A.B. asks: 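Dropping the structure in here first, questions after.
This one's a predicted model, so the numbers in the text were calculated from it and none came from an experiment.
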Amino acid sequence: MTYFSIFILLFILLIFTNSLINILFWKPLKEIATQDANLSILIPARNEEANIEKCINSIDISNTLIKEIIVLDDDSKDNTWEILKKMSSSKIKLSAVKGKKKPEGWSGKSFACYQLSKYASSDWILFIDADTELEKGGADKIIGYAQKNNYSMVSAWPKIEMKSAPEKVLMPLLNFLVFSSFPTTYSLKSKISSLGLAHGACILFNKKTYEFLGGHKLVKDSLFEDTELAKKWRLKDEMSVCINGVNIIRVRMYDSFKNIWLGFEKNSYPAFKNNFYFFIFHIFNFIFFSLPIIFIPLHILKINENIYLFLSGLLILLLRLGFSLKFKHPLWSSIFHLFSEIIFLLISLSSFIKYNFLGGIKWKSRKYGR
């Protein structure tokens, strides 16, 4: 047990080092001048009556960089289309289009984005989700960065807004799991495909490269299309990067416990290539990010005085606090780390069972799975 505990502590120290680098050096973009650019902002929308107006109004249409805003209604069952028709009649640069019926073998979002790309007439295309809000100057920052570094795919990791108690308890785990292990600074220099990362809320493409490589057709059947596309981009010898986008775009991903469950359920299992990777990830996640937390009270109460696991648990909580400070999460959410890990595990198991044995995962009235 001692050697195993020492191994966990050493591994946590590696995670701690990577996390510290991310906390200190993965910074938001500063203003970068654009060079003779024009931009099409593309928004797929399905059942987004509660969000679409706020999303469109956040875009600065007076910005000469932005040539057009195109919203595709993806067979919405609510009032999304009516809202779009009304807004497009009074807003310059805005046009609304009806999406075609989703073919077999395509995920809904990938097909919507692929259709949108055909309507765009600019050199650069920026896909944003209908539940996001674009920050003033955000478009200029991301295009200027892409041009300066000759990147053809840039995703901005958004500022995640949280209002309800379930969001504040559970949502910070997303940034913790991603950025405790992902080497952000190294990924900006390396073309290794496994270092492809993207957040579907905001992805910029050079349109010519997007069309040449096939765009969302490369990931047409994926529910984890954003990061899958970033990896395939690198496999095609193009560069995809993920930047700190807290001053570019913000999103309230899910507004209730139910929607958090359903939202992560659709990705938790499909994010992995096969069952082996799925279960290995969750075993390792439990061993390194949950087990040490359990030993904090056990050590304090002298029930099991394992100093190595105790220190590992303290380091994990310290990292949670560090990421909370960086991403402006509630500091008290760190106390619920173990609880959020357990909920995440239950969501993942539900995703696995539904995808493989219960006819699929339902998302926005569509089902995906076997």
Side-chain angles (χ1 to χ4, degrees), residues 4-5 7-16 18-20 22-23 157 160 162 164-182 197 199 224 227 253-254 256-272 275-301 303-304 306 308-327 329-355 361:
F4 181 63
S5 302
F7 172 72
I8 291 176
L9 177 58
L10 291 174
F11 185 84
I12 294 299
L13 285 171
L14 287 175
I15 291 293
F16 189 88
N18 179 73
S19 300
L20 195 59
N22 288 340
I23 290 169
W157 195 272
I160 300 175
M162 295 165 282
S164 67
E167 292 171 89
K168 292 175 181 178
V169 169
L170 299 174
M171 291 304 298
L173 185 65
L174 172 62
N175 284 342
F176 171 81
L177 290 177
V178 173
F179 296 110
S180 60
S181 57
F182 186 77
L197 176 69
H199 195 297
F224 200 56
T227 291
M253 291 178 66
Y254 310 114
S256 65
F257 179 80
K258 177 184 177 182
N259 287 333
I260 290 171
W261 184 288
L262 294 174
F264 283 108
E265 187 180 58
K266 80 176 191 305
N267 284 332
S268 294
Y269 177 72
F272 297 89
N275 293 347
F276 176 78
Y277 290 128
F278 173 80
F279 285 108
I280 285 295
F281 169 81
H282 284 289
I283 290 169
F284 272 72
N285 187 59
F286 176 78
I287 291 172
F288 294 111
F289 290 150
S290 295
L291 185 64
I293 302 297
I294 298 172
F295 274 82
I296 292 178
L298 294 181
H299 184 85
I300 293 172
L301 296 173
I303 296 173
N304 189 320
N306 189 313
Y308 303 110
L309 290 178
F310 174 71
L311 290 174
S312 297
L314 291 181
L315 286 173
I316 291 169
L317 290 183
L318 187 59
L319 282 183
R320 279 297 304 261
L321 287 170
F323 281 117
S324 292
L325 287 170
K326 182 174 183 64
F327 293 110
H329 301 154
L331 292 179
W332 57 261
S333 67
S334 305
I335 300 171
F336 293 92
H337 176 78
L338 182 59
F339 174 77
S340 57
E341 284 276 10
I342 292 170
I343 295 298
F344 174 60
L345 176 60
L346 293 175
I347 290 172
S348 297
L349 291 174
S350 176
S351 177
F352 169 76
I353 293 168
K354 286 184 177 181
Y355 193 90
I361 298 166

A.B. asks: With a 4.5 Å cut-off on side-chain heavy atoms, are Asn22 and Asn18 touching?
C.D. replies: yes
A.B. asks: Below 4.5 Å, heavy atoms only, C-beta onward: do Ser5 and Ile8 meet side chain to side chain?
C.D. replies: no
A.B. asks: When the ring planes of Phe182 and Phe179 are compared, do they come out parallel, tilted or perpendicular, using 30° and 60° as the limits?
C.D. replies: perpendicular
A.B. asks: Check for a donor-acceptor pair, side chain of Ser181 on one end and backbone N or O of Leu177 on the other, with a separation under 3.5 Å.
C.D. replies: yes
A.B. asks: Tell me if the centroids of the rings in Phe264 and Tyr254 come within less than 6.0 Å of each other.
C.D. replies: yes
A.B. asks: Let's go through Ile316 and Ile15 carefully: what are the C-alpha distance in whole Å and the side-chain angles of both, what is the deciding distance for side chain to side chain contact (heavy atoms under 4.5 Å, CB included) to 0.1 Å, and is it a yes or a no?
C.D. replies: CA-CA 9 Å; Ile316 291 169; Ile15 291 293; over 6 Å; no
A.B. asks: Looking only at heavy atoms, which two atoms of Ile294 and Leu298 are closest? And how far apart?
C.D. replies: O-CG, 3.4 Å
A.B. asks: Determine whether Ile293 and Glu341 make a side-chain contact, defined as any pair of heavy atoms from C-beta on separated by less than 4.5 Å.
C.D. replies: no
A.B. asks: More than 12 non-hydrogen atoms from neighbouring residues, nucleotides or ligands closer than 6.0 Å to OH on Tyr308, yes or no?
C.D. replies: no
A.B. asks: In this structure, are over 12 heavy atoms from other groups packed under 6.0 Å from Tyr277 atom OH?
C.D. replies: no
A.B. asks: Using modelled atom types only, decide if a donor and an acceptor are shared between the side chain of Ser351 and the backbone of Tyr269 within a distance under 3.5 Å.
C.D. replies: yes
A.B. asks: What heavy-atom pair brings Trp332 and Lys168 nearest, and what distance separates the two atoms?
C.D. replies: CH2-CB, 3.7 Å
A.B. asks: So, do Phe310 and Phe295 have ring centers that fall under 6.0 Å from each other?
C.D. replies: no
A.B. asks: Measure centre to centre between the rings of Phe279 and Phe272, then say whether the value is under 6.0 Å.
C.D. replies: no
A.B. asks: In terms of the angle between their ring planes, are Phe11 and Phe7 parallel, tilted or perpendicular, with boundaries placed at 30° and 60°?
C.D. replies: tilted
A.B. asks: Not counting sequence neighbours, which residues clear salt bridge (charged side-chain N to carboxylate O under 4.0 Å, His left out) with Glu265? List them please.
C.D. replies: Lys354
A.B. asks: Side chain to side chain contact (heavy atoms under 4.5 Å, CB included) between Ser324 and Ser333: does it pass, once the steps are laid out?
C.D. replies: CA-CA 8 Å; Ser324 292; Ser333 67; 4.0 Å; yes
A.B. asks: Determine, stepwise, if the pair Ile343 / Ile347 fulfils side chain to side chain contact (heavy atoms under 4.5 Å, CB included).
C.D. replies: CA-CA 6 Å; Ile343 295 298; Ile347 290 172; 3.9 Å; yes
A.B. asks: Over all heavy atoms of both residues, which pair between Pro172 and Glu167 is shortest? Give the atoms and the distance, please.
C.D. replies: CD-O, 3.4 Å
A.B. asks: Within a strict 4.5 Å, meaning less than it, do heavy atoms of the Leu13 and Leu315 side chains meet?
C.D. replies: yes
A.B. asks: Any idea which heavy atoms bring Met253 and Leu174 closest together, and the distance?
C.D. replies: SD-CD2, 3.9 Å
A.B. asks: Considering only heavy atoms from C-beta outward, does the side chain of Leu319 approach that of Ile12 to under 4.5 Å?
C.D. replies: no
A.B. asks: Rounded to the nearest 0.5 Å, what separation is found between the CG atom of Asn259 and the OG atom of Ser164?
C.D. replies: 9.5 Å
A.B. asks: Search all heavy atoms of Ile296 against all heavy atoms of Gly313 and return the closest pair with its distance.
C.D. replies: CD1-C, 3.5 Å
A.B. asks: Could you walk me through whether Phe352 and Ser268 pass the side chain to side chain contact (heavy atoms under 4.5 Å, CB included) check?
C.D. replies: CA-CA 8 Å; Phe352 169 76; Ser268 294; over 6 Å; no
A.B. asks: Less than 4.5 Å apart, side chain to side chain, heavy atoms only: is that true for Asn175 and Trp157?
C.D. replies: yes
A.B. asks: Looking only at heavy atoms, which two atoms of Met162 and Met171 are closest? And how far apart?
C.D. replies: SD-CB, 3.6 Å
A.B. asks: Nearest 0.5 Å please: distance from the CG atom of Leu321 over to the OG atom of Ser334.
C.D. replies: 4.0 Å
A.B. asks: Could you tell me if the side chain of Ile361 sits less than 4.5 Å from the side chain of Asn267, heavy atoms only?
C.D. replies: no
A.B. asks: Quick check on the 6.0 Å ring-centre criterion: do Phe176 and His337 meet it?
C.D. replies: yes
A.B. asks: What distance separates Leu197 CG from Thr227 OG1, expressed to the nearest 0.5 Å?
C.D. replies: 4.5 Å
A.B. asks: With sequence neighbours left out, what residues match His282 under ring pair (Phe, Tyr, Trp, His ring centres under 6.0 Å)?
C.D. replies: Phe278, Phe344
A.B. asks: Take the angle between the ring planes of Phe284 and Phe288 and call it parallel below 30°, perpendicular above 60°, tilted in between.
C.D. replies: tilted
A.B. asks: Less than 4.5 Å apart, any side-chain heavy atom of Ile287 and any of Phe4?
C.D. replies: yes
A.B. asks: Between His299 and Asn304, does any side-chain donor sit less than 3.5 Å from a side-chain acceptor?
C.D. replies: no
